[in-house]
Structures are given as C-alpha cells and as structure tokens.
> 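Before we start, here is the structure in question, set down as structure tokens.
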There are 2 protein chains.
Amino acid sequence: MNHFDFGKELFDRIQELAPQSLKLRTYQKDETIYHVGHEPEGLYFIKSGLVGLVDIAKNGDESLLRVFGHEHFFGHRSLISEEPYHATSIALKKTNILFINKEDLKNLCQDNSELLLYIAKVLAKELRRSEIRLKDMSSKKVADRIIESLIFLKTRYPHHKWTRREIGEFCGAKTETVSRTLSSLEQQGLIKREGRSIMIPEPQLLLDFIHKEEERHKI
Amino acid sequence: MNHFDFGKELFDRIQELAPQSLKLRTYQKDETIYHVGHEPEGLYFIKSGLVGLVDIAKNGDESLLRVFGHEHFFGHRSLISEEPYHATSIALKKTNILFINKEDLKNLCQDNSELLLYIAKVLAKELRRSEIRLKDMSSKKVADRIIESLIFLKTRYPHHKWTRREIGEFCGAKTETVSRTLSSLEQQGLIKREGRSIMIPEPQLLLDFIHKEEERHKI
DNA sequence: CGATAGATTGAGAGTTTTCAACCGATGTGG
DNA sequence: CCACATCGGTTGAAAACTCTCAATCTATCG
C-alpha cells in the first residue's frame, strides 16, 4: 500500500523517445480492451479512466485479478512472457488509453535498457501482491478479505464508486456476503453508507479491527 | 503445464560470463535459505534438490506459494523489485545451490541485457500462474484444487514424495481434507496409494474427472 | 522394537453460499 | 416532471462445504 505501482515514468520516457508511436484510443464503460486467449499486440497506458483485468471461471464466477488506474500501464505481462492473454481487460468506466505497438516497444527496449527494468519491477511487485492475496484466500475469513479489499480499492482508486459485486470479485466473495459484511461494519460505526457509496471515516479503525479479528482466530 | 519455467539457460550464461562469481552452498532438508522480511542478497540457482517458497499467516496457516526444482532459480522477485522478501524459502529436501551476489548479477545484467529479459519472462509466467491459482481459489471446490495441485506437483517434481500437508498448503486445504479427497479418488480408481506415496496411473482420467466436476457445478 | 511423524476417519461445528423475496436508487422516455 | 423499468443492494432461511477436534492407524526410522 506504501507506493503505487507506477507507469507514468515509463510512458513519459516513451513519449520522449518515440512520441509518434503512441496512439490514443477511447473505450466506453464495460467495453473489452483485449480478450483472454488472444495474442498480445502492444502495451496500454491509461491517460484517464479505470481498467479491470478479469477472468471468468468455468462455473461463471468472475475474478477481478488486477485493477489499473490513472497513469498505470497494462498488457505487459503477456507481452513479456510471449503468451496469449490469460485474462480479459475491461474498461470499468470511460477510459482514454495510449497504445504502443509490440514491435515499436521492442525496438525502444533494445536501445533503452531502463525500460525493460522498469516493466520487470512492476511485474515483480504485481507477483508479490498476487501471492499475498493467494495466502489470504486460505488463511483469512471473507469478512477480513472484504475489509482489506475495501481499503485497498478505496485508497488506490478513490474516485470510483466500487460496487459490492466488484469488491466481491476482487477478494473471492459473493455479492450478498459483501453486503452483509458492510451492514455489520456500518452497525459497528466503522464505515458510513450513503445510497450505494461507501465511506471510511477512519481507515485506521478498520485496520485495527482486522488485526483484532486475526488475534481472535489465532491458535 | 506445457513447459517448465526455466532457469538453466540463465545460469549457463552466467557460468560462461563470470564463473568466479558463483558460490556453491548446501542446505539440509527444512533449512531456511532466506527469511521473509530480510533484504535480498543475491540470486539462487538449484543444482539439485527442491525449495519451497512459504509464508505463514498470522493464524498459523502455512501457504506454499511456489516450488523451485532442479535448474530453477529463485530469489529473483525481491531482487528485481528491490523490496524485502515477502516470503521465506525453505529446502524441502537436501539441496545444492549456486549463489550469485546481487552486485555481481547487476553488473552482468548491465552488460548483457538478455539476462534481465530472461528473468522478466520468468516473472511474467509466475504472475500468470499465481493469478490463475487466485481465480481457482474462489471458483473451484477444494477437491478440484487438490486434484490439480496433485497433477501439477507430481508432473513437475515427480521425484519428491509429496505429503498431504504440502499438497494442502499449496492449494489452500487442510491436511484432513486432502486425505479424504485422496481416499475418494482411490475408491474411484483414479489414483493408487502405496504406503504414503501417491501414483497417478492415467493423468488424463483425473483431468477428465475435474472437467466433469466443473460441468456439474456450472450454472 | 518402540518412538514419532504422517495419514485416516468420523462426527459435529462453523462459515459461506444459494435461493428467494423484497427494497431503493438511478436514469429514461413519454 | 413523473412513471416505470432496471440495476444494484439488502435480508432471511436453508443448504452446502470445509474445517476442527479427537481418536485411531500405519509407515518409517533409529
């Protein structure tokens, strides 16, 4: 939570080196940017908006694997590993994107080794986050996962109105479970709900609450 | 599952470029190689043996996040992201390792850009795998996760005698649940147990079984 | 051969989901 | 601007799943 996974520096540099290779694209809410299984074509940088990396399981359950916001880039994982996309990216709201072609990026990287290092760093941080979530899936109860996701999503992307569904897809919980948890948190005065939106008056209180929970569950 | 995440090519190259920077180390079974929270000191390459990347949750639950076998390297994630280790690496059996110092590796990478690309590729593949497991944690029932882990671990590391505990820690299940699932699979003739070791006579049958399960659970 | 760690099994408890019904906010077309 | 359709949210009760706890068993090793 300490620092956001960046992106700006990478695209500032690309802007500097090869501005002509950047193409502007606009996506509407719920529009698919790329599809699971397809071959990667390039790298995407978010000028404005919000993008979710989602995967739909065979049973129909959706998972929100990663979220990319203002000045983040995405599409890099499949590009580097030279595999088809393992998930689908969808605009969570109207989103403006700068796109750079795979070949153009490759050429740039060959002459500017700091670009690849930059991308590798982001990958490494994403792997860390993913594995921590993996651990949390087996060691934490839903309520705690929901609280942590809430804090994470609201802190990183405060301008998005996160739905119960999205929160659930992010932490492996059903919409109803998220709803119940939020009700309980409001009763305890830890959050405020106004219409559909959620406010966290004192994030530290919520974090303390999780830690108390963890004590309680410890052997 | 198609191809193993490599490592050999990277260390062959390092061997070629700077053999004097490689140090041989030996770890006994259950010995800690590096500790969560510590600063990374270098990169590890497995000459022989098996290493698990594990994290212990506050409630005491252990997770087996990744497994590294013959000719794999590890310790790269924290090295690239320049963060403290997010988990602990432990020898799952007696293991011989080639170690290269952080600074030596950095110098090599600066002059040989293919090394970093190689590491980045592995990171990208590991992220893919981690996110697929993340999705499976919310969409699949334990039994299916256990079967998939069994196939994965036995296919990649056939020479290790995987315990119920290790399988459980890999897929988020309790030892007893793994045991029950294995009993049921044996009754159905899908696996063979001999003493503590598990054999999969016909892996395809097991995979088909999962897919049938998934059909059954579909909406 | 005894000690110990790992494995198995059953019964009961706890957690989360499922299903169903209902509520409330938001936005659109008449 | 209202009526209404729609989407998201809430709540309860029951079902399903997985874990916990406890007892027992059995490989394996010194």
Side-chain angles (χ1 to χ4, degrees), chain A residues 28-30 57 59-64 92-94 136-147 149-150 160-187 191-199 213-214 216-219, chain B residues 28-30 57 59-64 92-94 136-147 149-150 160-187 191-199 213-214 216-219:
Chain A
Q28 299 305 318
K29 178 168 159 60
D30 295 328
N59 69 354
D61 281 359
E62 287 198 24
S63 294
L64 185 50
L92 298 179
K93 60 194 290 193
K94 191 185 170 194
D136 287 351
M137 284 297 293
S138 32
S139 67
K140 289 193 168 140
K141 305 250 175 280
V142 248
D144 288 354
R145 298 203 309 269
I146 290 170
I147 296 173
S149 304
L150 188 62
H160 185 64
K161 266 203 168 187
W162 294 98
T163 65
R164 280 70 176 151
R165 185 158 193 264
E166 287 164 340
I167 297 168
E169 287 174 2
F170 189 72
C171 66
K174 296 294 160 200
T175 313
E176 296 95 323
T177 307
V178 176
S179 193
R180 273 183 245 277
T181 303
L182 293 181
S183 298
S184 150
L185 289 175
E186 186 169 45
Q187 277 192 358
I191 64 169
K192 279 256 164 268
R193 285 184 296 179
E194 229 164 68
R196 286 172 183 167
S197 67
I198 307 156
M199 276 145 298
E213 285 282 294
E214 280 169 348
R216 207 165 301 147
H217 293 313
K218 204 184 293 183
I219 307 172
Chain B
Q28 299 305 317
K29 179 168 160 60
D30 294 329
N59 69 354
D61 281 358
E62 289 197 24
S63 294
L64 184 50
L92 298 180
K93 60 194 288 192
K94 190 183 171 196
D136 287 350
M137 284 297 293
S138 31
S139 67
K140 290 194 168 139
K141 306 256 173 273
V142 248
D144 287 353
R145 298 203 309 269
I146 290 169
I147 296 173
S149 303
L150 189 62
H160 185 65
K161 265 202 169 186
W162 294 100
T163 65
R164 280 71 175 148
R165 185 158 192 263
E166 286 165 340
I167 296 167
E169 287 174 0
F170 188 72
C171 66
K174 296 294 160 200
T175 312
E176 295 95 323
T177 306
V178 177
S179 193
R180 274 184 245 277
T181 302
L182 293 181
S183 298
S184 149
L185 289 175
E186 185 170 44
Q187 278 191 358
I191 63 169
K192 280 255 164 269
R193 285 183 295 180
E194 228 164 71
R196 284 174 183 166
S197 68
I198 307 157
M199 276 145 299
E213 286 282 294
E214 280 169 349
R216 207 165 301 145
H217 293 313
K218 203 184 292 183
I219 307 172

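We name chains A, B, ... by the order of the sequence lines, and we start the count at 1 in each one. Reckoned from all heavy atoms, side chains included, excluding hydrogens, waters and symmetry mates.
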> Going 5' to 3' through nucleotides 17-25 of chain C, assign each nucleotide B (protein heavy atom under 4.0 Å from a base atom), S (under 4.0 Å only from sugar-phosphate atoms) or - (no protein heavy atom that close).
BBB----BB
> Using C1' atoms of five pairs at each end, report the bend of the helix from C:dC1-D:dG30 to C:dG30-D:dC1 rounded to 10 degrees.
40°
> Taking all atoms of both residues into account, what is the closest heavy-atom pair of A:S197 and A:K161, and its distance?
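Looks like CB-CE, 3.9 Å.
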> Can you tell me how far P of C:dT8 sits from CD1 of B:I198, to the nearest Å?
8 Å
> Could you walk me through whether A:L92 and A:W162 pass side-chain contact (heavy atoms from CB on, under 4.5 Å), step by step?
CA-CA 10 Å; A:L92 298 179; A:W162 294 98; 4.2 Å; yes
> Counting only pairs under 3.5 Å, give me each side-chain donor-acceptor contact of residues 174-182 of chain B, with atom names and distances, residues two or more places apart or in other chains.
unit_1, atom_1, unit_2, atom_2, d
B:K174, NZ, B:D61, OD1, 2.9
B:K174, NZ, B:D61, OD2, 3.1
B:T181, OG1, B:T177, O, 2.8

> Using every non-hydrogen atom in the two residues, find where B:R145 and B:K140 come nearest and quote the distance to one decimal.
NH1-O, 3.1 Å
> So do A:I198 and A:R164 actually touch side chain to side chain, heavy atoms under 4.5 Å?
yes
> Between A:K140 (NZ) and C:dT15 (P), how many Å, whole number?
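Roughly 17 Å, once rounded to whole Å.
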> A:R164 CZ to C:dT16 C1': how many Å, rounded?
19 Å
> Measuring from A:N59:CG to B:K141:NZ, what's the distance to the nearest 0.5 Å?
7.5 Å
> In the structure I gave you, are the side-chain heavy atoms of A:Q28 and A:K94 within less than 4.5 Å of one another anywhere?
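Of all side-chain heavy-atom pairs linking A:K94 with A:Q28, at least one is under 4.5 Å.
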> Taking OP1 and OP2 of C:dG6, is either one under 4.0 Å from a side-chain nitrogen or oxygen of B:T175?
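The answer is no; no side-chain N or O of B:T175 sits under 4.0 Å from OP1 or OP2.
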> Taking all atoms of both residues into account, what is the closest heavy-atom pair of B:R165 and B:E62, and its distance?
NH2-OE2, 4.0 Å
> Could you tell me the separation between the CE atom of A:M137 and the C1' atom of D:dC19, rounded to a whole number of Å?
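My rounded result for the distance is 16 Å.
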> A:S179 near the nucleic acid: base, sugar-phosphate alone, or nothing, with a heavy-atom cut-off under 4.0 Å?
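A:S179: base contact, heavy atoms under 4.0 Å.
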